[in-house]
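What you see below is based on every heavy atom in this structure, not just the backbone, and it leaves out hydrogens, waters and symmetry mates.
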Amino acid sequence: MKTLLVTGGAGFLGSHLCERLLAAGHDVLCVDNFFTGTKANVAHLMEHPRFELLRHDITFPLYVEVDEIYNLACPASPIHYQFDPVQTTKTSVHGAINMLGLAKRVKAKILQASTSEVYGDPEVHPQTEGYWGRVNPVGPRSCYDEGKRCAETLFFDYWRQHRLRIKVVRIFNTYGPRMLPHDGRVVSNFIVQALRGDDITIYGEGMQTRSFCYVDDLIDAMIRVMATADDFTGPINIGNPREFTILELAQAVLRLTGSRSRLVFKPLPADDPKQRQPDIALAEKMLDWSPTVELDCGLEKTVSYFKAQLQTGERETLDLAR
Ligand SMILES: NC(=O)c1ccc[n+]([C@@H]2O[C@H](COP(=O)([O-])OP(=O)(O)OC[C@H]3O[C@@H](n4cnc5c(N)ncnc54)[C@H](O)[C@@H]3O)[C@@H](O)[C@H]2O)c1
């Protein structure tokens with residue numbers, strides 16, 4: 001049994017990770033400033049004897065004794081990371097420095113939740129870990145993309161300079177229960193719009209492709225990465241390589257919700273990548289892992305979650321978030 005720190009543990013991915021780590025028998029310290037995470041996401045864990053929740057902003061130092069750190073804290077959707085872009089960069093960069101400093105002090109192993117956004121609008125397809133990316137350093141998405149790139153740099157410098165045990169995971173589009181409604185992420189947007197009977201907004205002609213990984217597959221891979229030998233640092237892509245157009249996703253959501261929403265088309269936002277697909281050969285080899293949840297199955301679980309939210313009094317949350 002280990003003591004594990006999950007920053008951003010009250011968020012979408014973090015809350016699923018806390019659950020899985022507790023189930024594996026570990027002590028879990030969940031740290032979050034509740035910017036995009038909620039206590040409701042971890043409410044079911046609060047009575048667990050090995051779970052602890054701490055309100056803390058990782059742009060400030062943290063002094064705790066832990067064996068491993070999963071660094072997930074950072075708003076992940078454009079609406080949230082563009083709300084206060086300076087704070088977003090601080091969370092990625094100062095947050096990484098603080099968590100790496102902690103890992104160094106207590107000799108903990110540390111994993112960074114990086115992102116496929118480090119590849120920017122890629123010229124190669126699918127993206128392998130060796131591709132350096134094509135990122136705009138001065139656009140509205142840069143606070144997130146460049147912040148995450150700088151965090152990766154810091155991780156590798158701590159590894160080179162201080163021999164810290166690091167793992168860098170590049171996460172591609174992941175979806176599932178506990179995503180926030182109306183946060184600009186395409187899966188939750190489409191589902192909520194469909195459940196309400198609102199128009200479904202498609203940017204461009206909907207022919208841009210995305211790959212969607214169900215949260216359970218992602219968490220499984222993340223835990224496997226942490227367990228790899230110390231000489232394995234990553235970066236390693238985690239995602240589902242199966243590609244769908246945005247239009248296909250919208251149609252699947254309409255089918256699974258039985259909704260009669262209309263599809264409406266709007267101009268593509270600046271810097272929106274047209275195509276993004278992980279090459280997961282490294283993950284398959286190093287982790288003996290590949291995603292197992294089909295899109296329809298994952299979407300069904302996500303639709304059920306949002307349906308329950310709408311039906312059980314969380315309606316106000318959805319209304320407020322509009
Ligand atoms: N979900 C995805 O598809 C995806 C894809 C690529 C990368 N990621 C990365 O995975 C991580 C988790 O993403 P998510 O989808 O769960 O997003 P999320 O917004 O649900 O979770 C982020 C969590 O971090 C917390 N947080 C933000 N700033 C903080 C700070 N300064 N101090 C402490 N806590 C802070 C938020 O309150 C939230 O609980 C992020 O680092 C994100 O960049 C996610």
Side-chain angles (χ1 to χ4, degrees), residues 1-9 13-14 17-18 20-21 24-31 54 56-74 89-119 127-133 135 145-171 218-238 280-289:
M1 188 190 72
K2 294 176 194 147
T3 303
L4 311 179
L5 167 61
V6 179
T7 75
L13 297 181
L17 179 61
C18 287
R20 288 279 282 276
L21 296 174
H26 301 295
D27 273 355
V28 175
L29 171 59
C30 167
V31 163
L54 174 69
H56 176 79
D57 183 328
I58 64 154
T59 61
F60 297 96
L62 178 67
Y63 299 93
V64 288
E65 295 294 320
V66 291
D67 302 306
E68 292 175 358
I69 302 169
Y70 288 86
N71 188 35
L72 273 66
C74 185
T89 303
K90 272 190 190 167
T91 295
S92 278
V93 177
H94 291 193
I97 290 171
N98 288 328
M99 290 307 114
L100 287 161
L102 171 64
K104 182 169 169 250
R105 265 195 309 278
V106 300
K107 298 187 171 39
K109 198 176 353 175
I110 180 164
L111 178 147
Q112 168 69 355
S114 191
T115 169
S116 57
E117 302 290 340
V118 300
Y119 298 123
Q127 293 83 49
T128 59
E129 291 84 351
Y131 176 55
W132 290 354
V135 178
D145 302 4
E146 296 288 22
K148 288 286 189 179
R149 284 169 70 94
C150 184
E152 287 200 9
T153 307
L154 284 162
F155 267 68
F156 277 86
D157 282 335
Y158 267 79
W159 170 68
R160 275 186 287 264
Q161 202 175 329
H162 301 297
R163 304 314 299 167
L164 213 66
R165 290 173 300 155
I166 63 151
K167 313 281 175 195
V168 173
V169 172
R170 291 184 180 151
I171 302 170
L218 187 277
I219 299 299
D220 182 29
M222 223 187 228
I223 292 172
R224 283 174 193 235
V225 173
M226 189 60 114
T228 52
D230 287 350
D231 61 355
F232 181 75
T233 55
I236 183 165
N237 289 340
I238 303 294
I280 59 162
L282 184 63
E284 286 171 337
K285 179 169 155 245
M286 292 302 303
L287 313 177
D288 188 23
W289 170 92

When rounded to the nearest 0.5 angstrom, what distance separates [atom1] in [X] from [atom2] in [Y]?
{"X": "Glu146", "Y": "Glu117", "atom1": "CD", "atom2": "CD", "result": "11.5 Å"}
{"X": "Lys104", "Y": "Ile97", "atom1": "NZ", "atom2": "CD1", "result": "12.5 Å"}
{"X": "Cys74", "Y": "Ile58", "atom1": "SG", "atom2": "CD1", "result": "8.0 Å"}
{"X": "Asp57", "Y": "His94", "atom1": "CG", "atom2": "NE2", "result": "11.0 Å"}
{"X": "Met99", "Y": "Leu111", "atom1": "CE", "atom2": "CG", "result": "14.0 Å"}
{"X": "Leu4", "Y": "Leu29", "atom1": "CG", "atom2": "CG", "result": "9.5 Å"}

Look only at the side chain of [X] and the backbone of [Y], and say whether a donor-acceptor pair between them is shorter than 3.5 Å.
{"X": "Asp67", "Y": "Thr3", "result": "yes"}
{"X": "Arg165", "Y": "Ala229", "result": "no"}
{"X": "Thr7", "Y": "Ala73", "result": "yes"}
{"X": "Asn237", "Y": "Ile280", "result": "no"}
{"X": "Lys109", "Y": "Ala103", "result": "no"}
{"X": "Ser92", "Y": "Thr89", "result": "no"}

With the side chain counted from C-beta on, respond yes when [X] and [Y] share a heavy-atom pair under 4.5 Å apart, and no when they do not.
{"X": "Ser114", "Y": "Arg170", "answer": "yes"}
{"X": "Asp220", "Y": "Arg224", "answer": "yes"}
{"X": "Ile223", "Y": "Ile219", "answer": "yes"}
{"X": "Tyr119", "Y": "Glu129", "answer": "yes"}
{"X": "Trp289", "Y": "Ile238", "answer": "yes"}
{"X": "Gln112", "Y": "Lys148", "answer": "yes"}
{"X": "Phe232", "Y": "Leu282", "answer": "yes"}
{"X": "Lys2", "Y": "Leu21", "answer": "no"}

Can you see which heavy atom on [X] is nearest to which on [Y], and at what distance?
{"X": "Gly130", "Y": "Trp132", "answer": "O-CD1, 3.3 Å"}
{"X": "Asp230", "Y": "Lys167", "answer": "CA-NZ, 4.1 Å"}
{"X": "Ala113", "Y": "Leu72", "answer": "CB-CG, 3.9 Å"}
{"X": "Gly147", "Y": "Val93", "answer": "O-CG2, 4.1 Å"}
{"X": "Met286", "Y": "Thr228", "answer": "O-CG2, 4.4 Å"}

Exercise. For Leu287 and Val225, run side chain to side chain contact (heavy atoms under 4.5 Å, CB included): C-alpha distance rounded to whole Å, both residues' side-chain angles, the deciding distance at 0.1 Å, then the answer.
Key: CA-CA 7 Å; Leu287 313 177; Val225 173; 3.6 Å; yes

Quiz item: More than 12 heavy atoms of other residues, nucleotides or ligands under 6.0 Å from CD of Glu284: is that the case?
Solution: yes

Quiz item: Would you call the rings of His162 and Tyr158 parallel, tilted or perpendicular if under 30° counts as parallel and over 60° as perpendicular?
Solution: tilted

Practice problem: With side chain to side chain contact (heavy atoms under 4.5 Å, CB included) as the test, would you mind laying out the steps for Val64 and Leu102 before giving the verdict? | Solution: CA-CA 8 Å; Val64 288; Leu102 171 64; 3.9 Å; yes

Quiz item: Name the one of Asn71, Ile69, Ile110, Val28 that satisfies side chain to side chain contact (heavy atoms under 4.5 Å, CB included) with Leu5?
Solution: Ile69

Exercise. Apply side chain to side chain contact (heavy atoms under 4.5 Å, CB included) to Phe156 and Val168, showing your working.
Key: CA-CA 9 Å; Phe156 277 86; Val168 173; 3.6 Å; yes

Self-check item: N-O pairing of Arg149 and Asp145 below 4.0 Å
Solution: no

